[in-house]
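Before any comments, here is the structure.
Nothing here was measured: the structure is a model prediction, and the numbers come from that model.
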Amino acid sequence: MVFVPPAAIVGFSSVYSQSLVMSGGRGTPMGGRGLAVRPAFDEAFPILMSRQWWGNTVSPVSFHDVWLTDGLASFSGSLFDTEAGDYDNYKGHWTQAREDLLESSRLGWGKANDVGPLWLGLLNETGKTPRASALLNTSKGAFIIQMLRSLFWDPHTGDADFQSMMKDFLQQFANRAVSSEDFQSVVEKHMKPSMDLDHNHRMDWFFSEWLLTTDVPSYRLEYSLTPQKGGKVLLTGKLTQSGVPPNFRMLVPVFAEFPGRKDRLLVAAMAGSASGEFKVDLTSAPKRILLNINHDILAYKDEVVRQKK
């Protein structure tokens, strides 16, 4: 049995139409938010189902670990969008999650991400910061799962390695209380060599910065394209990570858009507030070079600038 409010079943279109009728043409439908809240309605039913499914399949050991089940439920909502081919709602899902974390709260207080580290869970909830814990557990928790998905992604097998890791996690911990450390242990069991930034087969670097700090990076990519013989092109780029301490590290994918497809060209290992340069030989000229196209990283900015020669 799944409890679902009526608005979650009828969906955005019905609620929006009713809002138009009730306003009588004199007011602003849905309080002026309109299309901005569409993902919240269209995803409401699958997210409620996944929240109850995850909550019954694995339960958090303590309030420090609630981000895992809440984040998995929200992440599952974005999977529903992609399976349904609804890429507008997929984009809206992650855009809203980012805004919930990095923009000032509509409840009158500051940014949810600045309230405290995700690991503090319920301790982030105060009289001055209502709903901070819920926003952090749901939105930042979902971003952690999404970032892990990006780290596991393979150009030949896609999400197969990530899916294998998640299936193993469920097989080990189904119908049990699970901690953040339990989840990390499964990630480490399946981690790729490229993820082993400390060369100790551990993911402390990732979980420490996203669970135990409030650090969020910004990115700027400057690039140029130089024609070569035979129609080939040389991509020269400079990627800058900023707004984070020296010990903050991240693997940042860089993409190229070609007619009908977007290819991942490379994954740059970034540390601290610093820049790194790269060169890639391409067989043809791309339309443009891109960052964060799948919401691969929670970031304040992901600016891309083409340098004219």
Side-chain angles (χ1 to χ4, degrees), residues 8 36-55 57-60 63-84 86-103 105 111-122 124 131-153 159 162-163 165-166 169-170 178-180 183-184 186-187 203 206-207 209-217 250 253 292-300 302:
V37 299
R38 180 168 192 155
F41 279 90
D42 288 347
E43 291 179 350
F45 184 58
I47 286 180
L48 283 168
M49 287 188 64
S50 62
R51 185 180 296 278
Q52 293 174 60
W53 187 87
W54 281 111
T57 304
V58 291
S59 58
F63 64 86
H64 295 299
D65 312 299
V66 175
W67 71 269
L68 185 54
T69 49
D70 284 3
L72 282 167
S74 178
F75 170 80
S76 297
S78 75
L79 289 184
F80 172 83
D81 293 334
T82 55
E83 288 299 315
D86 192 343
Y87 296 103
D88 287 338
N89 267 345
Y90 174 86
K91 179 180 178 181
H93 176 102
W94 292 110
T95 299
Q96 186 62 58
R98 179 192 167 278
E99 290 177 355
D100 285 343
L101 293 169
L102 305 182
E103 296 187 6
S105 167
K111 303 170 185 175
N113 186 73
D114 293 346
V115 172
L118 180 59
W119 187 81
L120 289 179
L122 193 62
N124 288 312
R131 295 193 67 243
S133 176
L135 289 173
L136 284 165
N137 287 334
T138 300
S139 297
K140 197 168 186 177
F143 258 109
I144 288 177
I145 306 301
Q146 178 76 344
M147 288 188 283
L148 285 171
R149 181 188 184 187
S150 175
L151 294 177
F152 274 104
W153 191 86
D159 284 327
F162 173 77
Q163 292 170 356
M165 182 273 292
M166 290 302 304
F169 170 65
L170 284 174
V178 63
S179 68
S180 304
F183 181 65
Q184 180 178 337
V186 179
V187 173
M203 289 291 290
F206 178 86
F207 286 96
E209 63 194 27
W210 293 109
L211 287 181
L212 305 181
T213 81
T214 60
D215 299 328
V216 174
M250 199 61 201
N292 221 8
I293 62 172
N294 298 311
H295 303 275
D296 309 280
I297 302 173
L298 175 61
Y300 275 106
D302 40 49

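- Contact of the W153 side chain with the N294 side chain is not registered, since no non-hydrogen atoms from C-beta on lie closer than 4.5 Å.
- Side-chain contact, S133 with N137: a donor N or O sits under 3.5 Å from an acceptor N or O.
- Taking the six-membered ring where the residue is Trp, F183 and F207 present perpendicular rings, their angle passing 60° and hence far from 30°.
- Proximity of the aromatic rings of W210 and F143 is defined here by a centroid distance below 6.0 angstrom, and this criterion is not met.
- Annotation for T69 and V58: closest pair CG2-O, 3.4 Å, computed over non-hydrogen atoms.
- For the side chain to side chain contact (heavy atoms under 4.5 Å, CB included) with F206, the lone residue among V187, L211, L151 that qualifies is L151.
- For E209, there are no side chain to side chain donor-acceptor pair (under 3.5 Å) partners two or more places apart in sequence or in a different chain.
- If you take NZ on K111 and CG on L135, they are separated by 14.5 Å, rounding to the nearest 0.5 Å.
- Nearest heavy-atom pair across M250 and M147 is CE-SD, 4.0 Å.
- Contacts of N292 classified as side chain to side chain donor-acceptor pair (under 3.5 Å), with partners at least two apart in sequence or in another chain: D302.
- Here the CD-CG distance, from Q184 to L148, works out to 9.5 Å after rounding to the nearest 0.5 Å.
- Atom CG of N113 is separated from atom CD of E103 by 12.5 Å, given to the nearest 0.5 angstrom.
- Interatomic distance, L298 CG to W94 CH2, rounded to the nearest 0.5 Å: 9.5 Å.
- The aromatic rings of Y90 and Y87 sit perpendicular to each other, their planes meeting at more than 60°, with 30° as the lower class boundary.
- Counting heavy atoms from C-beta on, the side chains of P60 and V66 come closer than 4.5 Å.
- Between the OG1 atom in T214 and the CG atom in L120 there is a gap of 10.5 Å [rounded to 0.5 Å].
- Expressed to the nearest 0.5 Å, how far OG1 of T82 lies from NE2 of H93 amounts to 10.5 Å.
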Q: List the steps, then state whether side chain to side chain contact (heavy atoms under 4.5 Å, CB included) holds for W67 with L72.
A: CA-CA 8 Å; W67 71 269; L72 282 167; over 6 Å; no

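- Partners of S150 according to the side chain to side chain donor-acceptor pair (under 3.5 Å) rule, which considers only residues two or more places apart in sequence or in another chain, are R264, D296.
- The minimum heavy-atom distance between P253 and I297, with the atom names listed, is CD-CD1, 4.3 Å.
- Scanning both residues, L136 and L118, for their nearest heavy atoms gives O-CD1, 3.3 Å.
- Applying the 6.0 Å contact sphere to CH2 of W119 captures no more than 12 heavy atoms from other residues, nucleotides or ligands.
- Scanning for side chain to side chain donor-acceptor pair (under 3.5 Å) contacts around D65 gives S62, S180, with sequence neighbours left out.
- Contacts of F75 classified as ring-ring contact (aromatic ring centres under 6.0 Å, His included), with partners at least two apart in sequence or in another chain: F162.
- Contacts classified as salt bridge (Lys or Arg N to Asp or Glu O under 4.0 Å) and involving residues 132-150 (residues at least two apart or in different chains) are given here: R149-D159.
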